[in-house]
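As structure tokens, the structure follows; a few thoughts come after it.
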Amino acid sequence: MKNSLFLLISLSFFSFGPIYEKIENTTNPGFYITVEDFTDRSNYEYIVESKDSVRIIFGRFFNSELELGDVDQPITIYNGKRNFYIARVAVFKKPNGDLSFRHLKYPNVYTKRGKLKPVFL
């Protein structure tokens with residue numbers, strides 16, 4: 001009895017859930033940016049899909065000649081006045097029309113070193 005009830009409930013969840021192909025078709029690559037401005041205690045969050053928008057946002061908060069290069073891993077920049085965080089994400093639209101995102105799975109940068117053998121001289 002419990003198994004049949006569990007099966008009935010699981011089938012109803014699968015029938016009303018979003019279709020995986022539909023979610024994948026509406027997913028675009030993009031960037032998630034948060035900026036904490038400590039001078040006026042404000043927080044900004046951006047979800048953008050183009051690299052040009054990232055350059056405009058970066059130029060708005062930092063007056064420098066440096067450019068933001070390729071974003072392979074999440075980047076955090078803290079200069080005492082502002083904390084800038086950027087990460088590549090998968091951007092999709094919610095049913096109500098708002099943009100949302102899913103973080104990408106980045107490969108581990110650090111590799112574990114094997115146990116070192118002692119050296120005898």
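None of these values were measured; they are calculated from a predicted model.
We find the OG-NZ distance between S100 and K93 to be 13.0 Å, quoted to the nearest 0.5 Å. Between atom CD of residue E36 and atom OH of residue Y85 there is a gap of 12.0 Å, rounded to the nearest 0.5 Å. Here CD of E49 is found 6.0 Å from CG of L99. Values are rounded to the nearest 0.5 Å. Expressed to the nearest 0.5 Å, how far CD of E45 lies from OG1 of T34 amounts to 6.5 Å. Atom CD1 of I56 is separated from atom OH of Y46 by 11.0 Å, given to the nearest 0.5 angstrom. Note that CG of D72 is 11.5 Å distant from CG of L104, once rounded to the nearest 0.5 Å.
For the pair I33 and V54, the minimum side-chain heavy-atom distance is below 4.5 Å. Looking at F84 and Y44, their side chains never come closer than 4.5 Å, going by heavy atoms from C-beta outward.
For K51, the NZ atom sits in a packed shell: over 12 heavy atoms of surrounding residues, nucleotides or ligands are nearer than 6.0 Å.
Within the cation-pi definition used here (under 6.0 Å to the ring centroid, within 45° of the axis), R102 qualifies as a partner of F92.
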Test log, rule side-chain contact (heavy atoms from CB on, under 4.5 Å), inputs N83 and T76: CA-CA 7 Å; N83 188 11; T76 301; 3.3 Å; yes
side-chain contact (heavy atoms from CB on, under 4.5 Å) between V35 and N43, intermediate numbers included: CA-CA 6 Å; V35 180; N43 294 328; over 6 Å; no
Derivation of the side chain to side chain donor-acceptor pair (under 3.5 Å) call for T39 and D37: CA-CA 6 Å; T39 57; D37 193 354; 2.7 Å; yes
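Residue Y78 is not grouped with residue I75 when hydrophobic side chains (ILVMFWY) are merged at heavy-atom distances under 4.5 angstrom, including chains of intermediate members. Under the 4.5 Å side-chain contact rule for hydrophobic residues, F61 and F38 do not share a cluster.
Closest approach of V91 to F31, counting heavy atoms only: CG2-N, 4.5 Å.
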